[in-house]
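Numbered from 1 within each chain, the chains take letters A, B, ... in sequence-line order.
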2 protein chains.
Amino acid sequence: MQFSIEPNNGMPIYEQLVRQIKFAVAEGVVVPGQLVPSVRELARQLTINPNTVQRAYQQLQSEEILESLRGRGLAVCIGAKRRCISDRQSLLAERLTEVVGEAVRSGLDHDRLRELIEKAIKQAIRSGE
Amino acid sequence: MQFSIEPNNGMPIYEQLVRQIKFAVAEGVVVPGQLVPSVRELARQLTINPNTVQRAYQQLQSEEILESLRGRGLAVCIGAKRRCISDRQSLLAERLTEVVGEAVRSGLDHDRLRELIEKAIKQAIRSGE
DNA sequence: TTCGGTGTACTATATGACCAATACACATGG
DNA sequence: CCATGTGTATTGGTCATATAGTACACCGAA
């Protein structure tokens, strides 16, 4: 459960959290039934406000990714993994479509575009190992 | 000079404008010396607030893309085209790196990722013609 | 039972983006 | 000259995000 929050990235912090937790469930980093970090613990870990974490957890509950075990914590729902895998594809496709769309509309050569994409992929893989 | 603004896209409206105007200069849709639409005209055209247009124009002046001919309008600076072409590449690469980075970190297969990218490119080209 | 950790709820405050309205200085065309 | 259209500046308001602080109900272990 390693999250990285980037403020000033346009995307609200609570939304970044929602995405990353969904991705973690999709990858099996947290399995159904397992507890996620507590509101206060995760807030302390990321040095953000507990209310912000709470907001992310609240949305994940409304999407039936997490369920509340009051007094104990929040657990990953049973059927959540399949849905998170599906969600991951949708969420990433959505952003990709936006960015690629902007590039094409801007008039950039398709060759240049593919070149930039390949460079981005290599950089992402390299920085992640 | 055809712009499309999407509110609630995370990116502020004035920043969307700055990018699209830079792209237009890079493409030669507006050539150096030519006047861009007036603050009020563009605001009316996009049904946004004149202050928002003003803010975009102000930033473009600080980057020496536009110059103010007070009482007449705003013109594209002489050396601006080359800089805009360079800026376009940087701006698009930056966003691409972010999105691709998120996809890779999320654990998505590289094959799936390339698949999504190809689909996004085809869709962008198709919707643009 | 008691205590600490859990989720949850509520109010208040600060910041940034954006809208709304107004006012002023300048240039152009009648 | 003067009316119109420019850019520019200022003030105030709304909304979403995020922070800060407090309070309550619940569970489990000591």
Side-chain angles (χ1 to χ4, degrees), chain A residues 1 3-21 25 30 32-77 80 98, chain B residues 1 3-21 25 30 32-77 80 95:
Chain A
M1 288 295 262
F3 301 119
S4 69
I5 296 301
E6 307 183 26
N8 310 352
N9 208 29
M11 191 181 304
I13 296 178
Y14 77 93
E15 196 176 337
Q16 296 182 41
L17 263 183
V18 168
R19 294 173 77 97
Q20 293 190 30
I21 291 169
V25 175
V30 275
Q34 186 178 346
L35 293 180
V36 296
S38 79
V39 172
R40 295 171 177 80
E41 164 60 23
L42 189 51
R44 199 164 36 233
Q45 193 179 121
L46 301 175
T47 54
I48 60 179
N49 195 276
N51 290 335
T52 306
V53 179
Q54 160 66 7
R55 181 165 179 180
Y57 281 176
Q58 200 165 18
Q59 179 171 333
L60 287 167
Q61 284 179 73
S62 74
E63 298 186 41
E64 300 184 6
I65 308 294
L66 297 182
E67 65 177 339
S68 167
L69 309 180
R70 198 178 181 108
R72 293 187 49 207
L74 290 166
V76 178
C77 291
E98 284 178 21
Chain B
M1 289 295 262
F3 302 118
S4 70
I5 296 301
E6 306 183 28
N8 310 353
N9 209 28
M11 192 180 303
I13 295 179
Y14 77 93
E15 196 176 336
Q16 295 182 43
L17 263 184
V18 168
R19 295 172 76 96
Q20 293 189 31
I21 292 170
V25 175
V30 275
Q34 187 178 344
L35 293 180
V36 296
S38 79
V39 171
R40 296 171 178 79
E41 165 60 23
L42 189 51
R44 198 165 36 233
Q45 192 179 122
L46 300 175
T47 55
I48 60 179
N49 195 277
N51 289 337
T52 306
V53 179
Q54 159 66 6
R55 182 164 180 181
Y57 281 177
Q58 200 165 18
Q59 179 170 333
L60 287 167
Q61 284 179 74
S62 75
E63 298 186 40
E64 301 185 5
I65 307 295
L66 298 182
E67 64 177 339
S68 168
L69 309 180
R70 197 179 182 107
R72 294 186 49 205
L74 290 166
V76 178
C77 291
R95 285 196 73 188

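Although no hydrogens or angles enter the test, the distance criterion places no donor-acceptor pair under 3.5 Å between the side chain of B/E64 and the main chain of B/C77.
Contact footprint of chain A on DNA chain D: nucleotides with an atom under 4.0 Å from a non-hydrogen protein atom, first to last in 5' to 3' order, D/dT17 to D/dG28.
Shown here are the side chain to side chain donor-acceptor pair (under 3.5 Å) partners of A/E63, two or more places apart in sequence or in another chain: A/K22, A/Q59.
Counting only residues at least two apart or on different chains, the salt bridge (Lys or Arg N to Asp or Glu O under 4.0 Å) pairs with a member in residues 38-60 of chain B are B/E41-B/R44.
B/Q45 approaches B/M1 most closely through the heavy-atom pair OE1-O, 3.8 Å. Between B/I5 and B/L46 the shortest heavy-atom distance is CG1-CD1, 3.8 Å. Heavy atoms only, all atoms of each residue included: A/L69 and A/A75 are closest at CD1-CB, 4.1 Å. Minimum interatomic distance between B/L42 and B/P37 (heavy atoms only, all atoms of both residues): CB-CB, 4.2 Å.
Remark: B/I21 CD1 to B/F3 CZ distance equals 4.5 Å, nearest 0.5 Å. How far CG of B/L35 is from CG of B/L74: 8.0 Å, rounded to the nearest 0.5 Å. Note: A/E98 CD to B/M11 CE = 8.5 Å, rounded to the nearest 0.5 Å. Once rounded to the nearest 0.5 Å, the distance linking CD1 of A/I13 with CG of A/N49 reads 9.5 Å. Residue A/T52 holds its OG1 atom at 10.0 Å from CD of A/Q54, rounded to the nearest 0.5 Å.
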Using atom names, set out every protein N or O paired with an N or O of nucleotides 26-28 of chain C below 3.5 Å, distance rounded to 0.1 Å.
none

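At C/dA17, one or more side-chain N or O atoms of B/Y14 fall inside 4.0 Å of OP1 or OP2 (strictly under the cut-off). Put simply, B/T52 has a side-chain N or O that comes within less than 4.0 Å of OP1 or OP2 on C/dC19.
A heavy atom lying under 4.0 Å from DNA chain C marks the following residues of residues 38-51 of chain A, by number: A/S38, A/V39, A/R40, A/N51. Remark: B/Q54, B/Q58, B/Q61 in residues 54-65 of chain B come within less than 4.0 Å of DNA chain D through at least one heavy atom.
The shortest distance between side-chain heavy atoms of A/Q20 and A/S4 falls below 4.5 Å.
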